[in-house]
Student: 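Input: one structure, supplied below.
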Amino acid sequence: MALAGSGLRLVGLDLPVPRPRLVFAAPLVVGMAAERELVDLYLVETRPVAEVRDRLANALPAGHEAIDLYDVWLGEPALSGRVVAADYRVELSPGADPRGAAADAGTLTRAAERLLAAGTIPRTRDKGGRTVAYDLRPLLAAIEVIRRPDDETRAGALRVRTRFDPERGVGRPDEVVA
């Protein structure tokens, strides 16, 4: 509830259980670390951007900072409807072989190329207690294998870009890895 301590008059703080109206542009898996998230924050009154920036800087928890702020007309389309993709960095832990070696970068690069060349990538996900089949391929924009600096033959991470589609849904990095 750091935002409530900012002194800004936020929409939703007057509710019986105060809950500031804060809308994240992209849905994230619970527990996923994030950087540079886009957020709509609704204020009761118009305030100068410099004032909002100062108040947020003094109220945000350690490790959080407001990078940029924009005064947006309330009639603008919602931010969540304008986001079309997200970039993820998937850190790879050492493999399961007895030496604890990291994944082979060449093998992962070829696997990424196969996924990107595929016409379809059939997947299922649980949604509201039922299993829904979908095609991950139209939601997958890019995969890049990032090699370990200490051993170029091993992969240290993947950079994955997934698309957001109002009809097909959201591509998720855990589905790409699976």
Side-chain angles (χ1 to χ4, degrees), residues 1-3 11-12 15 17 19-42 61 63-64 67-68 72 76-178:
M1 196 57 104
L3 291 174
V11 171
L15 298 173
V17 176
R19 185 173 173 184
R21 184 159 177 216
L22 182 73
V23 181
F24 290 86
L28 293 176
V29 177
V30 173
M32 180 182 292
E35 295 176 358
R36 297 191 175 265
E37 287 186 84
L38 303 174
V39 179
D40 275 333
L41 175 65
Y42 294 85
H64 292 76
I67 302 296
D68 215 342
V72 179
E76 283 282 324
L79 184 58
S80 59
R82 298 187 320 176
V83 173
V84 296
D87 293 322
Y88 300 93
R89 180 180 171 92
V90 180
E91 297 288 334
L92 302 173
S93 59
D97 74 17
R99 297 170 294 140
D104 177 71
T107 301
L108 281 177
T109 298
R110 289 186 295 280
E113 289 168 350
R114 283 194 307 274
L115 276 177
L116 292 170
T120 63
I121 305 172
R123 301 290 301 158
T124 60
R125 67 170 60 143
D126 291 328
K127 199 169 194 177
R130 60 187 171 95
T131 302
V132 177
Y134 72 101
D135 183 5
L136 177 62
R137 183 59 193 97
L139 302 174
L140 177 58
I143 307 172
E144 177 188 355
V145 176
I146 301 170
R147 296 172 184 267
R148 294 173 54 103
D150 61 335
D151 183 352
E152 286 288 312
T153 67
R154 301 291 175 193
L158 301 174
R159 186 172 294 125
V160 177
R161 173 171 282 178
T162 63
R163 294 184 180 106
F164 293 16
D165 184 279
E167 294 175 13
R168 291 187 171 113
V170 175
R172 299 189 318 216
D174 54 321
E175 290 292 326
V176 175
V177 171

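Heavy-atom basis, side chains included; hydrogens, waters and symmetry copies ignored. These numbers were taken from a predicted model, which means no experiment stands behind them. In this chain, numbering begins with 1 at the start of the sequence shown.
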Student: Are L140 and V160 close enough, and set up right, to give a side-chain contact (heavy atoms from CB on, under 4.5 Å), and what steps lead you there?
Tutor: CA-CA 8 Å; L140 177 58; V160 177; 4.2 Å; yes
Student: Taking all atoms of both residues into account, what is the closest heavy-atom pair of L158 and I146, and its distance?
Tutor: C-CD1, 4.4 Å
Student: Do any N or O atoms from the side chain of D40 and from the backbone of V23 form a donor-acceptor pair under 3.5 angstrom?
Tutor: no
Student: So which heavy atom on G171 is nearest to which on L136, and how close?
Tutor: CA-CD1, 4.4 Å
Student: Could you tell me which non-hydrogen atom of L116 sits nearest to which non-hydrogen atom of A141, and how far apart they are?
Tutor: CD2-O, 4.1 Å
Student: With rounding to the nearest 0.5 angstrom, report the CG to CZ distance, D87 to R36.
Tutor: 12.0 Å
Student: To the nearest 0.5 Å, tell me how far L92 CG sits from R148 CZ.
Tutor: 9.5 Å
Student: Can you tell whether the side chains of E76 and R82 come within less than 4.0 Å, N to carboxylate O?
Tutor: yes
Student: Count the heavy atoms belonging to other residues, nucleotides or ligands that lie under 6.0 Å from CZ of R168, then report whether that count exceeds 12.
Tutor: no
Student: Tell me if a side-chain donor or acceptor on R163 pairs with a main-chain N or O of P138 at a distance below 3.5 Å.
Tutor: yes
Student: Roughly how far apart are E144 CD and L108 CG, rounded to 0.5 Å?
Tutor: 12.5 Å
Student: Considering all heavy atoms of both residues, which atom of A25 and which atom of V83 are nearest to each other, and what is their separation?
Tutor: CB-CG2, 3.4 Å
Student: Are the side chains of R89 and E91 in touch, meaning some heavy atoms are under 4.5 Å apart?
Tutor: yes
Student: Quick one: closest heavy-atom pair of E152 and R147, and the distance?
Tutor: O-NH1, 2.7 Å
Student: Please determine if D135 and R137 form a salt bridge, counting it only when a charged side-chain N lies under 4.0 Å from a carboxylate O.
Tutor: no
Student: For F164 and V84: C-alpha separation, side-chain torsions, deciding distance, then whether side-chain contact (heavy atoms from CB on, under 4.5 Å) applies.
Tutor: CA-CA 5 Å; F164 293 16; V84 296; 5.6 Å; no
Student: After noting the C-alpha distance and the side-chain angles of E175 and Y134, does the key distance pass the side-chain contact (heavy atoms from CB on, under 4.5 Å) rule?
Tutor: CA-CA 11 Å; E175 290 292 326; Y134 72 101; 3.1 Å; yes
Student: Just how far is it from atom CD1 of I121 to atom CG of L139, taken to the nearest 0.5 Å?
Tutor: 9.5 Å
Student: Which atom pair, heavy atoms only, marks the closest approach of A133 to T124?
Tutor: CA-CG2, 4.0 Å
